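Right, one structure below, let's go through it.
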Amino acid sequence: MKYISTRGQVEPITLKDAVMMGLANDGGLLVPQSIPDVSSRLDDWRKLGYAEIAFEVIRLFATDIPDGDLRELISGTYGDAKIFNPSPAPVTAVGDMFFLELWHGPTMSFKDIALQLLGRFFERILSASGGEKRLNILGATSGDTGSAAICGVRGRGGIDIFMMHPAGRISEIQHRQMTTVPDANVHNIAIEGSFDDCQQIMKSLAGDLQFKRACSLGAVNSVNFARVMAQIVYYFSGSFEVRKTTGAESVRVCVPTGNFGDILAGWYAMKMGAPISKLILATNENDILSRFFNTGEYSIGQVHQTPAPAMDIQVASNFERYLYYRTGCDCSALCDMMKELADTGALRVELDRDGVVDPDIEAGSANREDIFAAIRECYERYGYLIDPHTACGLAVANSPAHAGEEPTLCISTAHPAKFPDAILAATGRDVAHHPAIDALKDLPTRCEVLPNDTGAVRDFILRTVG
Ligand SMILES: *Cc1c(COP(=O)(O)O)cnc(C)c1O
């Protein structure tokens, strides 16, 4: 399998090279040249455990990594109960809803699932170069990518990580999870701006090819295709599990979305043949994506701060991959669309004959009250606590507009203990705790505060790597 850019200016490259390149060198996003069809293999895959499904899925995309190496990397990541406890993606039934719990990893959000693997990929690729290659990862985080990426690469040889977050706009716990990590290869940067500003700085530095090459700049955001690839796996395991319990032929999957990364993985799984009949996209009040899937218009507005901060995003970086497929993989049509978006802050697509944007994707949004009500009701009726992002999904999945016959699997993206303020506001009780998070309270923190300025970040990186 080779990888090409959505903008058409990158010669086909291997997965390893795509992993190292991160953002495509022409400013686009790397995508696989084709989407494998696995529908004839589902009956066999249903019998497999998570690590085995991961191996089967990932080997289709990582054809340049020998099976033996890949199996070892994958079982070392997903088969180790010290990393994912008890397993990476268990399903829990709550009332008539199913939750795919993706927060059993070390930093307790779904980001661990891809980033634990990506950290090992980087290390493997760098050590194969005999210590010749180095990597400086530059990332932007709305909260959870940061801690998961840092945890995935801390202490690994040949790698430094520079992680930007919007100063004062991530939760105190998310801040502690990143800034208490003592390893010398970890550098936290608080940017005086929004997450979109951080993402913009990252994009402009990664777009400066001379700087990118000089600093061996790499990416851990979901612009890195390896992230999306690793996330495809749990859409298979999760839909198999619900089918096993209910006997339903297929399931609907509800995905809370910010950067369109997680749901894009679901979309790939669906195209590959996973038994998913529909994706239900859920946003918070930053509803650019849900407006798009309801009207065909994508128009960038102001960022609102919500109780689900990992989704306080206006410019969804992965959306470009979706648009690329929508144009029928026509790079020049995609470039026109991206230019229109850059020039006017908006773009439009045609609706189909039934007046919908995409028959595979329904969308809705949840405001602050909806989120709190979903947390409260789930807790009071079932004693099951969900985090505010998952609650966003549940609120949308439960709304009459998205009622359906088939069972619904809600992607549960974080442990509620990461967002104790939202839980307190919703339930009136301080019930969201986890010993690993409570233990961070007294540790020393390290963080550099920088202005919202690409040059300042560039200088900081150059100063640090010497
Ligand atoms: C990152 C994140 C999301 C959004 O995921 P995307 O891939 O950006 O759509 C949702 N919930 C939590 C807890 C997250 O950390």
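When a ligand or atom number is given, it counts from 1 through the structure's own listing order. Predicted model, so just to flag it, every value in this text is computed and none were measured. Numbers for residues simply follow the sequence, beginning at 1.
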Suppose I only count heavy atoms of [X] and a 4.0 Å limit; which atoms of ligand 1 are within that range?
{"X": "D144", "result": "12 (C), 13 (C), 14 (C), 15 (O)"}
{"X": "G261", "result": "6 (P), 7 (O), 9 (O)"}
{"X": "A310", "result": "2 (C), 12 (C), 14 (C), 15 (O)"}
{"X": "F260", "result": "9 (O)"}
{"X": "N259", "result": "6 (P), 8 (O), 9 (O)"}
{"X": "T257", "result": "9 (O)"}

* Asked: Can you check whether T145 has an N/O within less than 3.5 Å of an N/O in ligand 1?
  ->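 No, there is no polar N/O contact under 3.5 Å.
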* Asked: Is there at least one pair of N or O atoms, one from S222 and one from ligand 1, spaced under 3.5 Å apart?
  ->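 No.
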* Test item: N221 and Q199 side chains (from C-beta on) under 4.5 Å apart, heavy atoms ->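 Touching, per the 4.5 Å side-chain cut-off.
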* Taking C-beta and beyond as the side chain, do P309 and F195 meet within less than 4.5 Å on heavy atoms? ->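 Result no, sub-4.5 Å side-chain heavy-atom pair not found.
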* To do: Grab the two heavy atoms, one from F84 and one from D112, that are nearest each other, plus how far apart they are.
  =>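 That closest heavy-atom pairing would be CZ-O, 3.6 Å.
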* Asked: Minimum heavy-atom separation for N224 to V19, with atom names?
  ->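 Distance-wise, the nearest heavy atoms are ND2-O, 3.0 Å.
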* Under the side-chain hydrogen bond (donor to acceptor under 3.5 Å, both in side chains) rule, collect the residues that match up with D358, sequence neighbours excluded. =>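 In terms of side-chain hydrogen bond (donor to acceptor under 3.5 Å, both in side chains), with neighbours along the sequence ignored, D358 is linked to Y322.
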* Asked: Quick one: nearest non-hydrogen protein atom to atom 7 (O) of ligand 1, plus distance?
  ->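 The closest heavy atom on the protein side is D262 N, 2.9 Å.
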* **Top protein contact for atom 12 (C) of ligand 1, by heavy-atom distance** =>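 Heavy-atom neighbour on the protein nearest atom 12 (C) of ligand 1: T413 OG1, 3.4 Å.
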* To do: Have a look at W103 and tell me which of P88, S109, S412 forms a side-chain contact (heavy atoms from CB on, under 4.5 Å) with it.
  =>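 Single pass found, and it is S412.
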* Does a salt bridge link R7 with E320, judged by any charged N lying under 4.0 Å from a carboxylate O? ->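 Answer for the salt bridge query: yes.
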* Asked: Would K418 and D144 pass as an ion pair if we require N to O under 4.0 Å?
  ->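 A salt bridge is present here (some side-chain N lies under 4.0 Å from a carboxylate O).
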* Just go through H389, Q231, K111 and tell me whose heavy atom is the nearest to atom 14 (C) of ligand 1. =>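 Heavy atom nearest to atom 14 (C) of ligand 1 belongs to K111.
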* Which of the listed options, S147, A414, G258, holds the heavy atom that is closest to atom 9 (O) of ligand 1? ->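 When every heavy atom of S147, A414, G258 is considered, G258 comes closest to atom 9 (O) of ligand 1.
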* Can you tell me if S222 and R227 form a side-chain donor-acceptor pair at under 3.5 Å? ->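 There is no such pair (donor and acceptor under 3.5 Å, judged by atom type) between the side chains of S222 and R227.
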* Looking at ligand 1, does F110 have a heavy atom less than 4.0 Å from it? ->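 Yes, that is the case, since the closest heavy atom of the residue is under 4.0 Å from the ligand.
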